[in-house]
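The structure displayed is predicted, hence computed values, not measured ones. In what follows, every chain begins at residue 1, and chains take the letters A, B, ... in the order their sequences are listed.
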Amino acid sequence: MPRSVWVRNLWLLAPGIFCLLASFGLGSVHFAGAVRHFFLQYIPGFPERLTAELLVIYWMTAIAGIAAVAGYLLLGVCRLEFLRWLLFPTKLRETVKISWRELLLLLVIVNSFAFTAVRFVRDGVRTVWLQGLSFGEKKEVLFSENPLEQNYIVGQEFLSGEGYSGGNIVILRNVFEDRPGEYLRAEHLHFSAHLFPVRVYLTYAPGCTTNDLPPGWMENRGIRWVVEDCGEHFQFDPKPYANRTAQ
Amino acid sequence: MTELLILIVCAGALGLGVCRVIPGQNWPVRFGLAWGCGLGLSGYLLMLFVWSGIRLAFPSASVICGIALGAGLFLWKPWTQKALDERAGSGSLCRDFSPLEWIAVAVVAGTALAILLTVLSTPVKAFDARMIWMFHARLIADTGIHPAPELHDPAFVIGHPQYPPLLPVLQALAAILSGVFDERWVRLVPAGFYFAMGGLLWDSLKDAPQRLLLVSAWALMPTLVVFEEGGADSGLADVMLSFYVFASLWLALKAEGRLPQYALAGACAAFAGLTKNEGLVIAGMVAVVLWSQADIPFRAKLVFVATWILMLVPWLAVRGQIATLFEERYLEHLTPGRLLWGLDRAGLVAGEMARQMFLLPQRSGLFWWLILAWFAGSERRRDLLLVNGLWIVPAYLLVIYVLYLVTPWERDFQVHLSFSRVLLHIAPLALWAAVWRPDRRVPGP
């Protein structure tokens, strides 16, 4: 005697119950904490955006759970006809057999839909957040999220300040690190890119002074500003360089 | 803006002209190939100009566009060809979509719109996009030379001075034509490759069961878009590389003996190597896939490999002259002693790679689960691996794994930093190779 359709489709209930437990069982706060802990640890800062995204994921999980349970009830009655209608074009509807592949497909759709929706929400939240700011101000706000780039504005102020009258910059460094680049910091790259077309150079100077450099080294590169980076933390504080030959 | 459109029109005309070698394609495929091949060839032409000593400025940029447009129109010859060929297959695909497939199409369109709006309204935020790609482009636009004199000076602070120049050169070209380096407009160049890839993937629907539209679109979406640091709107070169390696395999396996199409596939393989260093590795694997197919004539294989290598030679010669301050220098680290040293963290690196591939939905959704399941459930596993070239995926991951072991960065730091972008390089190729059925080929005219 064939098993009841309800029993045969009982496995459909499992993801639904899982989603319901994950959403309503945990509650939005614990749910957000779990998602943060397991999935979002690499995403830097931007707390407003994360809150909105997590809320969307939370409600989508809850809705998926409700839909899965409702789907079970529906499919139990109409023997997967709904799934067949939803997934397949008319030509294939009568002939294709529902298998685990179709369920995998559904899983992919739900998952992808959740993250595409997150993307839309993120953009929406960001648009509201940045509303009314000029393009330059948007840059300042967005870069401030990254710890390596929080001083973007410092470089811009240097370039537009009264003291700056042209010329390139050298960073003096006397510390080596065991990694590619050896004595290059990410901050150096950051300032070099943002101060362009001012050229930023980096060189090893054991005494942390321009006297460590060979004669003509500074002049050949048009350098008029010196940043001493010989401590633990990098600080962008350019000092004017007086040409030794002129002295 | 107008000037950028001129560049796109000229490069597009060249791309469309070149794509005449592939008969009977529908318009999304033509768009995808026109964007990729047109920009690739225009950029390559520009690199040859610059390397031969011609300074990149408005007049030389205009000449490039003129050559692209002229060559495109000559090859295209729209006034002599019957328009019917152009329209082959277009539109017919949409007639029998399921409800969910229609939703998928709407979401793909919505996402494309979101990418466009993000690119045009927000600054470039990804660290590497600004520190590497955009910076190289600004240097080329400022000096009109590649490699710029600064790149010969190891003291000049710039990330990865030896990185391939195709994307920066194209962005510099767009900036020079516009007269100003506006990061919003120049970022359209890499973002456009997302749309181009969509066009090319559309074609897989002709070969695979129709419901794969849904799978392709939905599965690829999170991989290419949601991941913020390397996605289609980030300004990085990864999506562009994904396009070229996929286009190379796609063109080569569907060439059916047409030699010009093998040459175009070889050109795309070269563009991959000119986009990112990883492109050299994957394109080499595509060459092996082609070489291992018994039913492809020797002449065709030779055309592919010769085009690929000959187009790369000038760049490899130029690259040797560039000084290095900050380069990973993986090949130098690839020694037996270094490998033994790296074995300490073998488990850690492998675990982190697997975690990023399968357990972090914000990085790639369920994409790799899907590919794995599709492969496991297929009755043609051997064909998928050997004929379609799906073996490229594990082979490329193995290469990357070995490189992660020998890198001097601490523990699994480099995996955290770059692995999701590495996955991006092979995602469209994997999707297509997992579903393509050579026996469902649409015969050419």
Side-chain angles (χ1 to χ4, degrees), chain A residues 38-40 42-43 85-93 96 99-101 104-105 107-109 111-116 118-120 122-123 126-127 130 135 138-139 142-143 145-146 148-149 170-171 178-181 184 186 188-194 196-197 199-203 217 221, chain B residues 96-101 103-104 107 110-111 114 117-118 121-123 125 127 130-132 134-135 138-139 142 150 153 155-159 184 209-211 214-215 218-219 221-222 225-226 228 325-329 359-363 365-367 369-370 373-374 377 407-410 416:
Chain A
F38 289 110
F39 296 124
L40 300 175
Y42 296 136
I43 296 182
W85 173 83
L86 192 68
L87 285 175
F88 298 110
T90 326
K91 266 196 297 194
L92 298 174
R93 226 166 263 163
V96 171
S99 68
W100 61 269
R101 286 182 183 225
L104 181 75
L105 183 63
L107 199 63
V108 170
I109 291 164
N111 173 276
S112 304
F113 181 67
F115 282 94
T116 310
V118 167
R119 150 84 196 211
F120 281 113
R122 184 196 74 190
D123 286 358
R126 186 153 65 184
T127 304
L130 300 174
F135 195 69
K138 281 180 187 174
K139 267 187 168 179
L142 288 173
F143 295 167
E145 288 173 26
N146 189 334
L148 297 172
E149 300 173 314
V170 66
I171 300 171
D178 183 23
R179 62 175 189 181
L184 180 78
H188 300 158
L189 288 168
H190 161 73
F191 275 103
S192 187
H194 282 302
F196 192 83
R199 269 60 168 174
V200 176
Y201 296 91
L202 171 68
T203 188
W217 195 95
R221 290 168 175 81
Chain B
D96 196 29
F97 278 0
S98 72
L100 216 51
E101 282 170 328
I103 297 171
V107 172
T111 311
L117 291 176
T118 307
S121 68
T122 58
K125 188 172 168 290
F127 191 80
R130 286 179 295 110
M131 301 304 124
I132 301 171
M134 205 70 87
F135 193 9
R138 289 172 73 192
L139 190 62
D142 188 58
E150 286 81 355
D153 184 350
F156 181 62
V157 180
I158 187 165
R184 284 167 287 194
Q210 211 167 46
R211 66 179 187 272
L214 201 62
V215 182
W218 283 95
M221 198 75 59
V225 179
V226 171
E228 199 172 347
L325 171 65
F326 180 60
E327 288 290 352
E328 301 291 356
R329 295 194 284 266
L359 294 181
L360 298 181
Q362 85 277 15
R363 290 279 165 117
L366 292 175
F367 181 80
W369 285 108
L370 175 81
W374 212 267
T407 180
W409 292 92
E410 283 175 17
H416 286 267

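For the pair Arg184(B) and Phe135(A), the cation-pi test (distance below 6.0 Å, angle within 45°) is passed.
Nearest heavy atoms, Phe196(A) versus Arg138(B): O-NH2, 2.9 Å. In plain terms, the two heavy atoms of Ser121(B) and Lys138(A) that are nearest each other are O-NZ, 3.1 Å. Residues Ala155(B) and Trp217(A) come closest through the heavy atom pair CB-CZ2, 3.6 Å.
Taking the charged nitrogens against the carboxylate oxygens, Asp153(B) and Arg199(A) have no contact shorter than 4.0 Å, which rules out a salt bridge.
Neither the backbone nor the side chain of Leu117(B) comes within less than 4.5 Å of any heavy atom in chain A.
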* Could you walk me through whether Phe156(B) and Arg221(A) pass the side chain to side chain contact (heavy atoms under 4.5 Å, CB included) test, one step at a time? => CA-CA 10 Å; Phe156(B) 181 62; Arg221(A) 290 168 175 81; over 6 Å; no

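Residues His190(A) and Arg130(B) bring no donor and acceptor atom of their side chains to less than 3.5 Å of each other.
For Lys139(A) (side chain) and Thr122(B) (main-chain N/O), no donor-acceptor pair under 3.5 Å exists by modelled atom type. A side-chain donor-acceptor contact under 3.5 Å links Ser192(A) to the backbone of Val157(B).
Two residues are said to be in side-chain contact when any heavy atoms from C-beta on lie closer than 4.5 Å; His194(A) and Met131(B) meet this criterion.
Separation of atoms CG (Leu189(A)) and CD1 (Ile132(B)) is listed at 8.0 Å; rounding is to 0.5 Å.
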